[in-house]
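See below for the structure under consideration.
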Amino acid sequence: GNWGKTWKNQMLLHSNRGQGGQRDVTMYSIEPPEKGFATLDPNHTHHFLVDDGTTGNDGIEYEFRAALETLICEIFRRHNVPLPMVCIMVEGGMRSLEIAISTLRKGNTLVVLKGSGRASDILCFGFENSIEIGSVVEGRKERTLPGEADQEIKRLIDKDFKKYKIEKEMLELVLEISTYRDFVTIYSIANPEPL
């Protein structure tokens, strides 16, 4: 997570030292945050927060996470231990699509949960309905959406993301992700067999 976007992050600091010199956090209040901030997910027991010294800036944790993932995989590869990396996409938004394409560009695998909503369902629709157009870019055949499918995906994007005005960028990412046919697996909530 992003330290500078974590609502009331100062509550996570505690001046008293516990056993072993660790800082104890006695309580973190989950309450509706101010606009532009987020609370920690209470369903997680641990959080890894990245701090670049700014407050309210989006996305600083993504570059750090990508660099850390790459470093961990490289350490294992140096010792001749293959360490496959898999990105699992559940629901999500534009950032999820950006992470997905970054994962695929590195030669790693993407698993998408169809039926989980938002960007995941938009990606699944585009992946399942796109067709090859013949052009080859970086060894992959470009894809497009035929008439009705193009209109439907734009409707799906508008349904969840209209206020962000990212239809064009989202559609471009969906179509690029769709070119990685051998690296993407779609699992459906309704039918747990891989599609």
Side-chain angles (χ1 to χ4, degrees), residues 1-76 83-124 157 159-166 169-170 172-174 176-177 183-187 189:
N2 183 332
W3 174 262
K5 287 199 62 118
T6 301
W7 177 239
K8 294 196 173 183
N9 58 18
Q10 295 302 310
M11 290 178 73
L12 300 171
L13 300 176
H14 194 282
S15 60
N16 294 331
R17 298 275 181 182
Q19 292 180 336
Q22 297 174 351
R23 292 181 179 210
D24 295 327
V25 176
T26 55
M27 185 169 62
Y28 177 74
S29 175
I30 303 295
E31 60 185 53
E34 285 183 11
K35 185 177 181 179
F37 290 88
T39 58
L40 297 178
D41 187 337
N43 298 308
H44 293 265
T45 59
H46 294 77
H47 298 273
F48 193 94
L49 300 174
V50 178
D51 183 9
D52 71 347
T54 63
T55 300
N57 288 337
D58 278 325
I60 65 155
E61 68 276 22
Y62 298 114
E63 286 182 32
F64 177 82
R65 184 175 90 185
L68 181 61
E69 290 168 349
T70 300
L71 176 64
I72 291 169
C73 288
E74 285 302 316
I75 290 170
F76 277 83
L83 181 66
M85 190 173 89
V86 176
C87 177
I88 300 174
M89 187 170 164
V90 179
E91 203 233 12
M94 188 65 174
R95 292 268 190 227
S96 298
L97 291 171
E98 291 167 350
I99 290 168
I101 195 62
S102 173
T103 296
L104 293 167
R105 287 174 181 160
K106 292 177 192 170
N108 295 311
T109 302
L110 173 66
V111 176
V112 186
L113 188 59
K114 181 179 180 180
S116 61
R118 297 176 22 103
S120 290
D121 288 351
I122 291 166
L123 175 56
C124 290
I157 292 170
K159 184 180 86 168
D160 289 322
F161 300 101
K162 186 174 187 171
K163 68 180 179 180
Y164 301 109
K165 298 180 177 24
I166 55 172
E169 295 87 354
M170 187 170 269
E172 287 171 0
L173 282 174
V174 166
E176 183 178 351
I177 290 167
F183 293 90
V184 177
T185 301
I186 297 174
Y187 281 94
I189 290 175

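Worth knowing before you read on, the calculation uses all heavy atoms, side chains too, and leaves out hydrogens, waters and symmetry mates.
Residue Phe37 holds its CZ atom at 12.0 Å from NZ of Lys8, rounded to the nearest 0.5 Å. Rounding to the nearest 0.5 Å places CZ of Phe183 at 11.0 Å from OG1 of Thr185. Between the CG atom of Asn108 and the OG1 atom of Thr103 there is a distance of 6.5 Å, given to the nearest 0.5 Å. For the atom pair CD1 of Ile177 and CD1 of Ile122, the computed distance is 11.5 Å after rounding to the nearest 0.5 Å. Of the inter-residue distances, the one linking Met170 atom CE with Glu98 atom CD reads 9.0 Å to the nearest 0.5 angstrom. To the nearest 0.5 Å, atom CD of residue Glu31 and atom CH2 of residue Trp7 are 6.5 Å apart.
No donor-acceptor distance shorter than 3.5 angstrom exists from the side chain of Lys5 to the backbone of Asn57, with no hydrogens or angles considered.
Using a 4.5 Å cut-off on side-chain heavy atoms (C-beta onward), Leu68 and Phe64 make contact. Two residues are said to be in side-chain contact when any heavy atoms from C-beta on lie closer than 4.5 Å; Leu49 and Leu40 meet this criterion. Residues Trp3 and Glu61 fail the side-chain proximity criterion, which asks for heavy atoms closer than 4.5 Å. The shortest side-chain heavy-atom distance between Ile157 and Val174 does not fall under the 4.5 Å cut-off.
Taking every heavy atom of both residues into account, Thr6 and Leu12 meet most closely at CG2-CD1, 4.4 Å. Between Leu113 and Ser120, the closest heavy-atom pair is O-CB, 3.7 Å. When every heavy atom of Cys87 is checked against every heavy atom of Ile99, the shortest pair comes out as SG-CG2, 4.1 Å. Here the closest non-hydrogen pair linking Met85 and Cys73 is CB-SG, 4.2 Å.
Between Arg105 and Glu176 there is a salt bridge, since a side-chain N of the basic residue sits under 4.0 Å from a carboxylate O of the acidic one.
For His44, the side chain to side chain contact (heavy atoms under 4.5 Å, CB included) partners are Asp41, His47, not counting sequence neighbours.
Heavy-atom contacts from other residues, nucleotides or ligands closer than 6.0 Å to NZ of Lys106 number more than 12.
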